[in-house]
There are 2 protein chains.
Amino acid sequence: MDAEAIKQSLENSGLRCTPQRYAVMAFLMEHNRHPTAAEIFEAVNRVDPRSSRATTYNNLRDLVQAGLVREVAVEGRAARFDAKGIRHHHFICDRCGNVEDMEWYDVPRPASGSLGKRILRECELIFRGLCKKCALPRASRKLS
Amino acid sequence: MDAEAIKQSLENSGLRCTPQRYAVMAFLMEHNRHPTAAEIFEAVNRVDPRSSRATTYNNLRDLVQAGLVREVAVEGRAARFDAKGIRHHHFICDRCGNVEDMEWYDVPRPASGSLGKRILRECELIFRGLCKKCALPRASRKLS
DNA sequence: GAATTATTTAGATTATATCTAATATGACAT
DNA sequence: ATGTCATATTAGATATAATCTAAATAATTC
Ligand SMILES: [Mn+2]
Ligand SMILES: [Mn+2]
Ligand SMILES: [Zn+2]
Ligand SMILES: [Zn+2]
């Protein structure tokens, strides 16, 4: 949507606004589906200019380091990515691995004593269970 | 330590107490270092009987499914494993990826309205930042 | 003890991510 | 405009993590 705003946020982070990097960022901002690197690579290559796999991974790394993108590790599956827009939590489906946004609310921080010499950057709350699609009864008997 | 208790918990979960599976479970119970599958594989093979890599992965999968072991996905690194003893949260180091236990406290659940048709199994709270070792000033200038 | 089922195994295979080193691009000083 | 230099991109190779395969072994049931 706001091409200039994307350009600005990249440059504010000391990153050049290259076509490839812009395409990754724009794609993440207009989707809330938490795509994998492979999905992003495929998506940005449906429009010119072409971007290589290494560049897609490099740019995702840079964007995460710059704090513009969040990486979500899912057990046994490829990492998923998420433009950091409004704050929210994540629901991860035990069965299909999909990551869904959940309304944000404040999380109590640990007692400072329990942190010791660690430096806390953030508290991340992850909900786990079955997504809507996987929770439906859907004849589990027939399939098993 | 309590060999019979381990045997019981495996069998209560419908899993045979094989030497290989027992070794994985016992190793996880006597370490709180959140080892990777490769580290567990290596550790259990320092004592007889030998266990193959596939068996180590198979058993970890079975133990996680049975709810006896927790798997912790860390971005860009191998998964780590943890016998589920007393409840606790996790601190994951941004820099070295180490997973450390943190004192448990209750986490507020999401408003039921925001769950929709999803089925919630658990809320997981993850702290991120720098572990004690990585937080130390340690002449970062000299090394870079 | 034969049949059945669960488990283990070595090695191949897949999936995911990173590295390499050659090339291209953009910023900026002249 | 042109040269310089840091940054970014690229194809393909490589590394790492995890799973699959099919045959062998071990335990359980009949
Ligand atoms: Mn999200
Ligand atoms: Mn733990
Ligand atoms: Zn699902
Ligand atoms: Zn650390």
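A salt bridge is absent between B:Glu71 and B:Arg80; no separation between the charged side-chain nitrogens and carboxylate oxygens falls under 4.0 Å.
The ring pair (Phe, Tyr, Trp, His ring centres under 6.0 Å) analysis of residues 28-47 of chain B, with sequence neighbours excluded, yields the pairs B:Phe27-B:His31, B:His34-B:His90.
Atom CD of A:Glu39 is separated from atom C1' of C:dA15 by 14 Å (rounded to the nearest Å).
B:Leu125 approaches B:Tyr105 most closely through the heavy-atom pair CD2-OH, 3.5 Å.
Screening B:Glu100, B:Glu103, B:Arg70 for a side-chain hydrogen bond (donor to acceptor under 3.5 Å, both in side chains) with B:His88, the sole residue that qualifies is B:Arg70.
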The contact string for nucleotides 8-18 of chain D, one letter per nucleotide 5' to 3', using protein heavy atoms under 4.0 Å with B, S and - for base, sugar-phosphate only and none, comes out as SBBB-B---SB

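Between A:His89 and A:Trp104, the angle of the ring planes stays under 30°, which puts this pair in the parallel group of the 30/60° scheme.
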